[in-house]
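Beneath this line is the structure, given in structure tokens, with notes to follow.
Quick note: numbers below take in every heavy atom, side chains included, and nothing from hydrogens, waters or symmetry partners. When a residue number appears, it is its place in the shown sequence, counting from 1.
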Amino acid sequence: MIRLFINLSMLLLGFMATVCAQQQTDFSDLDQQLALDPSVVTGTLDNGLTYYIKNNTRPEHKAELRLVINAGSILEDEDQLGLAHFVEHMAFNGTTSFKKNELIDYLQSIGVQFGADLNAHTSFDETVYKLTVPTDDDDIFNTSLQILKEWAGGITFSDEEIDNERGVVAEELRARSGAGSRMYDQSIPVITNNARYADRLPIGSLDVIINSDYDAMKRFYRDWYRPDLMALVLVGDFDAEDIEMKVNQLFKDLKPTEEPKERTVYQIKTAQKPAAKIITDKETQKTSVAIYYKKEHDNTISFEDYRTSMLEKLYSGMLRARLEEIAQSKDTPFLAGAAGIGFFLGNKDSYFLRANLKEGKALEGYKALLKESERARRFGFTQTELDRYKDEMIQNAELFKTESDKIPHRIYVEALIDNFTFEDPVVSEDFRFNFYKETLPEITLEDVNTIAENWVNTTDIAVILTAPENDSEQLPTETTLLSELSEVKNLELKPYVDDMANVALMENKPEPGELVKESYNEKVDATTWEFANGVTVIVKPTTFQNDMIKMSGFREGGSSIAPDSIYVSARESGRIISESGINSISNVQLTKLNMGKNISVTPYINYYEELISGSSNRENLERMFQMTHLYFTAPNKDQNSFQSHKENLIELYKGNDDSPGSYFEKIIAKTMMNNHLRAIPLEADQIESDLKIDEVFNFYKERFSNANGFTFLLAGNFEPKHIKELATIYLASLPADLKENSTWKDIGLRRVTGNVKKVVKKGIENKADVDMRYTGKLNYSPETAEELNLLAKVLKIRLTEELREKMGGVYGVRVSGFTTDRPYEWYRMQVRFTCDPNNIEALKNKVFEEIEDIKRNGVSDKNLNKIKEAELSRTEEFLKYDAFWISKIKEAYTLGRDYGSFLDYKEKIAAIDSDYFKEAAQHYFDNTNYAEFILLPED
């Protein structure tokens with residue numbers, strides 16, 4: 001009997017193995033069609049509406065809901081320019097069940113924040129409504145689905161509300177205006193070959209926004225908001241089958257349109273010759289070039305298509321790495337370069353090249369970009385490059401596979417939206433990993449090198465060069481740009497040489513240090529180790545990710561220690577060393593060494609701290625510790641990296657006074673900080689004269705050569721004993737002088753006191769930027785910081801309602817509270833908005849009125865509930881992230897508090913009442929310390 005059981009067991013195992021083998025995908029059959037990720041429940045209702053539903057558990061008890069309309073500004077008639085976007089606004093201004101403001105009020109009452117959790121966007125070809133809601137309350141979730149349905153077919157379009165919203169939409173157009181939008185408007189006819197896209201920008205026409213007939217907007221809604229052009233994308237912590245039933249019941253009665261208009265996919269015609277456009281603007285700060293090679297869009301349907309897209313990723317990724325390498329080289333012709341292959345617009349895909357160019361060297365940089373693309377086309381890539389990038393792609397696919405149950409909802413949501421609108425494939429994480437693992441090893445250099453020929457042999461090319469107006473005399477002509485484009489194929493070029501030497505990150509491990517004290521905090525499950533060299537390590541094991549670990553190292557000091565004479569070098573030293581490499585391995589080589597490995601380590605130096613951050617998986621954890629050790633003991637002094645950083649910095653700051661926004665910020669900084677050297681933006685000539693490599697390197701070495709006082713916080717999915725072993729070897733062994741204790745220095749940064757008002761005239765756009773700020777001293781604590789943060793949020797709710805919804809005077813209003821204890825205990829409360837210059841006084845007075853009302857009366861129960869629900873929801877979500885725990889433990893550690901001192905957040909939130917805000921407003925909105933800055937156009 002026993003023997004029979006064994007034989008049957010063996011037979012069953014064999015049968016099961018055969019079944020499993022049959023179910024395994026045969027990746028060699030490239031004619032197969034790609035399947036949608038099987039974890040996604042999808043279908044189409046009888047009325048034509050498509051739905052995608054996916055169960056996902058991060059974050060818990062929440063869902064991302066999207067209503068996607070396969071229609072955007074490209075479908076507008078001449079009298080509707082901007083109305084596709086206007087319809088999106090009207091969705092928040094009244095539906096069948098929710099009158100104006102009731103919808104937003106309801107959602108805010110359940111913890112949804114307008115902007116962050118409740119939003120929408122309109123582009124050329126799609127409109128998407130976005131909603132983040134809790135899933136642990138059926139009534140709330142059912143109401144949220146009802147809201148999506150009413151956006152789909154129940155927007156009321158009251159004439160009065162349309163008129164009220166005209167000002168808001170106009171202010172959005174005003175807020176977006178500037179050098180960037182002006183240059184984009186000039187470029188799009190060139191890059192689209194004068195297609196319809198050039199005349200259908202989503203933001204639209206101000207004349208139509210202000211003066212359009214009511215029915216023009218309603219007509220767009222009738223024509224294009226219909227079930228056959230809609231999709232629901234629902235991803236969250238719920239039962240997918242249950243949600244599918246709800247969708248079927250709720251959305252089945254959306255009526256299809258009788259005799260629907262054809263949803264035309266507008267074509268971008270293929271140009272028969274390349275085109276070039278040089279665009280200058282007096283307010284732009286940098287020179288850049290973009291080159292687009294366009295061809296007909298190919299949908300990714302089969303395994304063969306998927307393999308081709310993989311080859312394109314390999315090709316563009318390796319080319320991008322070469323461009324990044326050039327940007328870090330000596331006498332680099334461009335400051336940053338990028339390349340890629342992907343969807344363009346309409347019926348076109350593109351292979352693009354981009355670069356930020358040096359002042360006075362636009363032609364040289366443009367030619368260098370073309371040469372590198374041509375070098376790759378002509379000679380292809382090297383085997384070592386290909387091997388590294390294969391490893392990188394497999395590592396990335398493995399990361400997503402490992403973390404598939406920890407990936408945030410929004411990543412899945414965006415992929416599914418693109419599947420509906422652009423037919424992009426959405427495969428499972430397992431499929432992608434297995435496809436890469438099985439297919440990548442078989443891919444040869446010849447396979448990858450064919451990609452260039454598929455793309456660059458085209459006449460449909462557009463070149464856009466943008467630059468400051470003052471540099472126009474130094475720029476090449478459009479004829480020259482086109483000439484260089486054709487001549488590059490005739491240049492003498494040499495193949496790329498991969499300089500990757502056979503180097504090891506660390507030859508020998510350091511001698512372990514000595515542990516002197518260990519303690520455990522049960523409340524937060526955190527262990528602290530103190531080592532003999534003055535280094536402290538705090539570890540918090542979690543399961544928020546399956547195989548990810550975060551590290552944060554910190555110590556008091558920073559650039560505050562440096563004398564004014566080397567301030568510029570000191571403030572840039574951390575960034576420059578992080579770009580220079582370690583242990584005589586250049587940063588380029590270090591990047592290559594780490595390709596295919598989930599690892600990152602970066603040192604920083606800010607005003608008052610030295611910092612080092614890192615992340616890895618368990619496999620590369622020791623490597624993360626090794627890199628950390630080497631950033632202390634063996635940083636590189638690299639002239640090429642230094643020079644590249646310096647030139648980038650000069651380019652960044654040289655045109656600041658030509659940009660209205662940058663100039664405005666400089667005036668604010670100089671005024672608020674009493675013109676203090678270390679608080680105002682740098683000048684280009686200051687960087688040129690004061691940024692010196694010896695000072696950079698020596699200051700960094702001074703700050704990192706003594707590890708005494710450094711604390712390292714780690715959180716993630718690990719065994720503490722493993723961290724202890726590695727910390728003992730690589731952190732406890734760091735050099736230290738226990739006689740020298742590091743602390744930050746008060747460098748005299750003080751905010752201006754009293755009342756200050758300044759009007760700055762700069763720029764040509766007819767708009768005003770208004771900045772209102774209250775500052776003062778306080779007794780700093782996490783509680784006061786939170787008090788300021790909540791006061792800012794409640795004021796933002798009120799100002800959004802008054803300035804935007806009632807007055808129609810702004811598109812948005814930013815309100816922020818900030819406080820710190822360094823170099824003294826101070827705070828700032830700030831209100832900022834963009835508006836019509838004629839409306840400044842009315843809007844300012846309303847801000848003052850709302851502030852005074854909170855001072856006298858506190859806040860309403862309705863707004864109090866909104867804030868409390870949002871704060872509770874936000875905190876409970878953040879508690880599932882390692883970075884949040886690291887920040888909270890660091891805060892408690894530096895203030896001498898118990899690590900778990902923030903865990904009573906529920907009681908603290910419950911205790912908030914109207915008087916809490918009333919007293920806070922009376923304290924923080926101190927009229928004796930008020931500063932006001934207004935940016936107006938020059939004319």
(request) Show your working on salt bridge (charged side-chain N to carboxylate O under 4.0 Å, His left out) between Arg307 and Glu442 and close with a plain yes or no. (result) CA-CA 11 Å; Arg307 182 179 181 275; Glu442 304 301 320; over 6 Å; no
Sequence neighbours excluded, which residues qualify as salt bridge (charged side-chain N to carboxylate O under 4.0 Å, His left out) partners of [X]?
X	answer
Asp117	Arg410
Arg66	Glu64
Arg378	Glu374

State whether the side chain of [X] and the backbone N or O of [Y] hold a donor-acceptor pair below 3.5 Å, judged by distance alone.
X	Y	value
Thr728	Gly513	no
Lys390	Leu440	yes
Arg58	Phe544	yes
Asn717	Asn546	yes
Asn594	Ile599	no
Asp547	Asn617	no
Asn598	Ser616	no
Asn419	Leu416	no
Asn606	Glu609	yes
Thr57	Asp405	yes

(message) Between Tyr604 and Tyr631, is the ring centroid distance below 6.0 Å?
(response) no
Going by the rule ring-ring contact (aromatic ring centres under 6.0 Å, His included), which residues pair with [X] if we only count those two or more places apart in sequence or in a different chain?
X	result
Phe344	Tyr292
Phe381	Tyr315
Phe531	none

Rounded to the nearest 0.5 Å, how far apart are [atom1] of [X] and [atom2] of [Y]?
X	Y	atom1	atom2	result
Asp447	Leu314	CG	CG	10.0 Å
Glu312	Ile451	CD	CD1	5.0 Å
Glu719	Lys724	CD	NZ	13.0 Å
Tyr496	Arg375	OH	CZ	10.0 Å

Throw together a table of side-chain donor-acceptor distances under 3.5 angstrom for residues 420-427, partners on residues two or more places apart or in other chains.
residue	atom	partner	partner atom	Å
Thr421	OG1	Glu126	OE1	2.9
Thr421	OG1	Ile417	O	3.2
Glu423	OE1	Asn299	ND2	2.9

According to side-chain contact (heavy atoms from CB on, under 4.5 Å), who are the partners of [X], at least two apart in sequence or on a separate chain?
X	result
Asn640	Lys330, Asp638
Ser578	Thr602, Pro603
Thr633	His629, Leu630, Leu734, Pro735
Ser552	Phe554, Ile886

More than 12 heavy atoms of other groups within 6.0 Å of [X] [atom1]:
X	atom1	answer
Lys437	NZ	no
Glu296	CD	yes
Glu518	CD	yes
Glu241	CD	no

(request) Indicate yes or no: at least one non-hydrogen side-chain atom of Leu590 is less than 4.5 angstrom from one of Leu505. (result)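 Yes, side chains in contact.
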(message) A side-chain contact here means heavy atoms from C-beta on lying under 4.5 Å apart; do Leu234 and Val247 qualify?
(response)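 Yes, their side chains come closer than 4.5 Å.
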(message) Checking side-chain contact (heavy atoms from CB on, under 4.5 Å) between Glu304 and each of Leu30, Leu34, Asp31, which is the one that passes?
(response) Leu30
(request) Sort out for me which residue in Phe632, Trp529, Phe712 forms a side-chain contact (heavy atoms from CB on, under 4.5 Å) with Leu731. (result) Phe712
(request) Applying ring-ring contact (aromatic ring centres under 6.0 Å, His included) between Phe27 and each of Tyr436, Phe435, Phe433, Tyr306, report the one that passes. (result) Phe435
(request) Step by step, work out the salt bridge (charged side-chain N to carboxylate O under 4.0 Å, His left out) result for Lys592 and Glu325. (result) CA-CA 10 Å; Lys592 292 176 180 180; Glu325 184 174 333; 3.4 Å; yes
(request) Name all residues meeting the side chain to side chain donor-acceptor pair (under 3.5 Å) criterion together with Glu610; count only those two or more places apart in sequence or in a different chain, and write none if there are none. (result)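 For Glu610, the residues satisfying side chain to side chain donor-acceptor pair (under 3.5 Å) (neighbours in sequence not counted) are Arg555, Arg703.
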(request) Using the six-membered ring wherever Trp is involved, compare the ring planes of Tyr351 and Trp455 and label them parallel, tilted or perpendicular (cut-offs 30° and 60°). (result)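 Ring orientation, 0 to 90° scale: tilted.
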(request) Would you name the heavy atoms of Thr384 and Asp498 that are closest together and state the gap between them? (result) OG1-OD2, 2.5 Å
